[in-house]
Amino acid sequence: MAPFQKKSKTKKKTKKFKKHKQVSMVPIEPRTSETDWWDSFWHKNSTVPGYTVPGDEAEGFKYFFRVSKTTFEYICSLVREDLISRPPSGLINIEGRLLSVEKQVAIALRRLASGESQVSVGAAFGVGQSTVSQVTWRFIEALEERAKHHLNWPDFNRMQEIKLGFEVSYGLPNCCGAIDATHIMMTLPAVQTSDDWCDQEKNYSMLLQGIVDHEMRFIDIMTGLPGGMSVSRLLKCSAFFKLSENGERLNGNVKAFGGDVIREYVVGGCSYPLLPWLMTPYETNGANGISVSQSIFNHKHGAAKLLAVRAFSLLKGSWRILSKVMWRPDKRKLPSIILTCCLLHNIIIDCGDTLQQDVALSGHHDSGYQEQCCKQVDPLGRTMRDNLAKHL
């Protein structure tokens with residue numbers, strides 16, 4: 001029996017060896033040829049009608065992918081392990097080669113940046129629609145996990161820099177950020193439509209709330225809730241609201257000016273309630289108007305709040321998938337797409353890359369939506385705003 005058992009084991013090994021040989025015969029793209037994807041893409045797409053592509057290749061790279069080649073390499077380094085750890089599962093281009101990590105990242109960035117259909121993006125790279133879908137989702141999952149450190153609430157030292165930035169640029173002491181919200185529009189199948197997802201302009205949408213620092217970096221976001229909700233209601237559903245109300249956020253050192261105390265706060269538009277830690281502008285439509293100090297406050301407050309408006313315009317202009325009407329997205333996956341775009345926005349800033357001002361939306365990031373004023377006023381918030389106006 002012993003020889004029979006030995007023979008059986010040998011047979012098993014042979015089978016395994018043959019199986020392994022079959023897999024290794026798939027032509028794997030060598031490291032030295034991983035730059036070929038860009039040469040091929042540039043040659044194919046730089047002169048396509050309808051694109052106003054810069055003649056310079058470096059600028060052309062940013063035009064298509066929104067990031068410089070240096071930032072692109074950094075993004076690849078973040079997701080490389082995740083993109084090569086799973087079996088390729090059909091990620092093969094028309095020449096029969098496995099897609100390199102670089103080409104996978106390029107496909108995902110182009111899909112997010114252009115907002116074009118998967119068919120159009122696939123045609124630009126010589127891959128099929130299903131490959132674009134699979135590559136983009138794998139990239140989103142990987143970046144969501146690996147780039148968390150690019151979007152978090154600032155520590156003490158970083159918050160001091162942010163507060164100094166707001167005070168130097170806008171004259172607002174102890175200001176920690178600017179808050180705003182925007183709608184991500186979509187179409188839904190009839191079975192999924194409901195009044196919750198239908199917003200004030202009769203569009204189906206998902207809300208995104210964001211707080212930005214003095215450099216237009218997102219430091220807190222909230223998304224996933226239906227567009228039928230008011231902005232003030234969205235705020236109250238957020239973790240940021242609960243933490244701030246419980247004194248776990250915006251709880252740093254106060255500043256005293258002649259006996260008046262000014263705590264940490266963020267600035268927001270009239271869609272938000274006036275709270276001790278959220279400053280909104282004075283209403284200008286009262287019978288008696290507003291005082292000079294209140295007018296000065298509104299001017300400085302408005303300039304600071306504009307940072308959030310500009311950040312959202314840049315976000316939705318750079319990553320056009322967010323500014324176009326999404327065709328029946330999976331509402332459970334859409335928050336991950338939104339988060340990934342916010343992470344990419346921050347990575348560009350953190351890498352010292354430049355946000356392309358010319359790609360920002362030409363109008364307001366929520367074009368067509370009227371600002372709905374919130375009448376809620378906290379007495380402590382009113383006192384805090386008056387102290388600020390007096391100081392200014």
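Excluded from the calculations below are hydrogen atoms, water molecules and symmetry mates; all remaining heavy atoms, backbone and side chain alike, are included. Everything numeric in this text was worked out from a predicted model, so none of it was measured.
Of the possible polar contacts, none joining the Ser133 side chain to the Gln129 backbone as a donor-acceptor pair under 3.5 Å is found. Of the possible donor and acceptor atoms, none in the side chain of Arg110 sits under 3.5 Å from a partner among the backbone N and O of Val121. When atom types are taken as modelled, the side chain of Ser295 and the backbone of Val292 share no donor-acceptor pair closer than 3.5 angstrom. Side-chain atoms of Thr223 come within 3.5 Å of backbone atoms of Leu207 as a donor-acceptor pair (strictly under, hydrogens ignored). In this structure a side-chain-to-backbone donor-acceptor pair under 3.5 Å is present from Ser169 to Gly165. When atom types are taken as modelled, the side chain of Ser271 and the backbone of Gln372 share a donor-acceptor pair closer than 3.5 angstrom. No side-chain donor-acceptor contact under 3.5 Å links Asn246 to the backbone of Glu248.
Under a 4.0 Å N-O distance rule, the pair Arg249/Asp220 qualifies as a salt bridge. Salt bridge annotation for Glu102-Arg80: present, with a cationic side-chain nitrogen under 4.0 angstrom from a carboxylate oxygen. Using a 4.0 Å cut-off between charged side-chain N and carboxylate O, Glu141 and Lys333 make no salt bridge. The pair Arg146-Asp82 meets the salt-bridge criterion, with a side-chain N (NZ, NE, NH1 or NH2) lying under 4.0 Å from an Asp/Glu carboxylate O. Using a 4.0 Å cut-off between charged side-chain N and carboxylate O, Glu167 and Lys300 make no salt bridge.
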Next on the checklist: For a side-chain hydrogen bond (donor to acceptor under 3.5 Å, both in side chains) check, start with the C-alpha distance between Asp386 and Tyr282, then their side-chain angles and the critical distance, and finish with the verdict.
Outcome noted: CA-CA 10 Å; Asp386 290 342; Tyr282 286 98; 2.6 Å; yes
Item to check | Full working for side-chain contact (heavy atoms from CB on, under 4.5 Å) between Thr280 and Val267 | outcome: CA-CA 6 Å; Thr280 59; Val267 294; over 6 Å; no
Checklist entry - Yes or no on side-chain hydrogen bond (donor to acceptor under 3.5 Å, both in side chains) for Lys390 and Gln294, after CA distance, side-chain angles and deciding distance? => result CA-CA 8 Å; Lys390 193 193 301 183; Gln294 290 172 343; over 6 Å; no
Checklist entry - Step by step, would you call Ser117 with Ser120 a side-chain hydrogen bond (donor to acceptor under 3.5 Å, both in side chains)? => result CA-CA 5 Å; Ser117 69; Ser120 297; 3.0 Å; yes
Item to check | From CA spacing to verdict: salt bridge (charged side-chain N to carboxylate O under 4.0 Å, His left out), Lys255, Glu264 | outcome: CA-CA 9 Å; Lys255 285 197 170 188; Glu264 289 185 342; over 6 Å; no
Item to check | Working for side-chain hydrogen bond (donor to acceptor under 3.5 Å, both in side chains), residues His365 and Thr182 | outcome: CA-CA 7 Å; His365 61 78; Thr182 195; 2.9 Å; yes
Item to check | Step-by-step side-chain contact (heavy atoms from CB on, under 4.5 Å) determination, Tyr74 to Val67 | outcome: CA-CA 10 Å; Tyr74 170 70; Val67 298; over 6 Å; no
Checklist entry - Under the side-chain contact (heavy atoms from CB on, under 4.5 Å) criterion, do Trp137 and Asp330 qualify, and how do the steps go? => result CA-CA 12 Å; Trp137 187 246; Asp330 184 332; over 6 Å; no
Next on the checklist: As a quick check of understanding, evaluate side-chain contact (heavy atoms from CB on, under 4.5 Å) for Leu188 and Trp327, giving each step before the final call.
Outcome noted: CA-CA 7 Å; Leu188 292 176; Trp327 175 254; over 6 Å; no
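Lys316 places a side-chain heavy atom less than 4.5 Å from the side chain of Asp366. In this structure the side chain of Trp153 never reaches within 4.5 angstrom of the side chain of Leu243, judged on heavy atoms. Looking only at side-chain heavy atoms (C-beta outward), Phe297 and Leu388 come within less than 4.5 Å of each other. By the 4.5 Å heavy-atom criterion applied to side chains, Arg310 and Met216 are counted as neighbours. For the pair Lys305 and Asp180, the minimum side-chain heavy-atom distance is 4.5 Å or more. The shortest side-chain heavy-atom distance between Pro154 and Ile162 falls under the 4.5 Å cut-off. Side-chain contact check for Met186 versus Met206: some heavy-atom pair is nearer than 4.5 Å. Between Leu275 and Phe241, some side-chain heavy-atom pair lies under the 4.5 Å cut-off.
Using cut-offs of 30° and 60° for the angle between ring planes, the Phe64 and Trp42 rings count as perpendicular. Classification of the Phe61-Trp38 ring pair by plane angle, with boundaries at 30° and 60°, yields perpendicular. Taking the six-membered ring where tryptophan is involved, the planes of Phe65 and Phe125 are tilted, since the angle between them lies from 30° to 60°.
The CD1 atom of Ile262 sits 5.0 Å away from atom CZ of Phe257, with the distance rounded to the nearest 0.5 Å. To the nearest 0.5 Å, the span separating OG on Ser238 from CD1 on Ile221 amounts to 11.5 Å. To the nearest 0.5 Å, atoms CG (Leu339) and CG (Leu334) are separated by 11.5 Å. Of the inter-residue distances, the one linking His183 atom NE2 with Ser205 atom OG reads 4.5 Å to the nearest 0.5 angstrom. Note that CD of Glu81 is 11.0 Å distant from CD of Glu145, once rounded to the nearest 0.5 Å. Here CD1 of Ile296 is found 15.0 Å from NE2 of His301. Values are rounded to the nearest 0.5 Å.
Using modelled atom types, one finds no donor on one side chain facing an acceptor on the other under 3.5 Å when comparing Thr70 with Ser68. Using modelled atom types, one finds a donor on one side chain and an acceptor on the other under 3.5 Å when comparing Lys163 with Asn174.
Nearest heavy atom pair, residue Gly317 against residue Arg320, reads O-NE, 2.8 Å. Closest non-hydrogen pair, Met229 versus Leu225, comes out as SD-CD1, 3.9 Å. Between Leu250 and Cys176, the shortest heavy-atom distance links the atoms CD2-CB, 3.7 Å. The nearest pair of heavy atoms linking Leu343 to Leu143 is CD1-O, 3.8 Å.
Remark: His43 NE2 is loosely packed, at most 12 non-hydrogen atoms of other residues, nucleotides or ligands lying under 6.0 Å away.
Figure legend: Lys331 and Trp197 shown as a cation-pi pair, the cationic atom lying under 6.0 angstrom from the six-membered ring centre and within 45 degrees of its axis.
Take Glu215 and apply the side-chain hydrogen bond (donor to acceptor under 3.5 Å, both in side chains) test, not counting sequence neighbours, and it matches Arg158, Arg217. For Ser336, the side-chain hydrogen bond (donor to acceptor under 3.5 Å, both in side chains) partners two or more places apart in sequence, or in a different chain, are Glu144.
Follow the hydrophobic side-chain contacts under 4.5 Å out from Val309 and you never reach Leu235; the two are in separate clusters. Following chains of ILVMFWY side-chain contacts shorter than 4.5 Å, one can reach Ile290 starting from Val377, so the two form part of one hydrophobic cluster. Both Phe312 and Leu151 belong to a common hydrophobic cluster when Ile, Leu, Val, Met, Phe, Trp and Tyr are linked at side-chain heavy-atom distances under 4.5 angstrom.
Just one of Arg66, Lys69, Lys62 meets the salt bridge (Lys or Arg N to Asp or Glu O under 4.0 Å) condition when paired with Asp353; it is Lys62.
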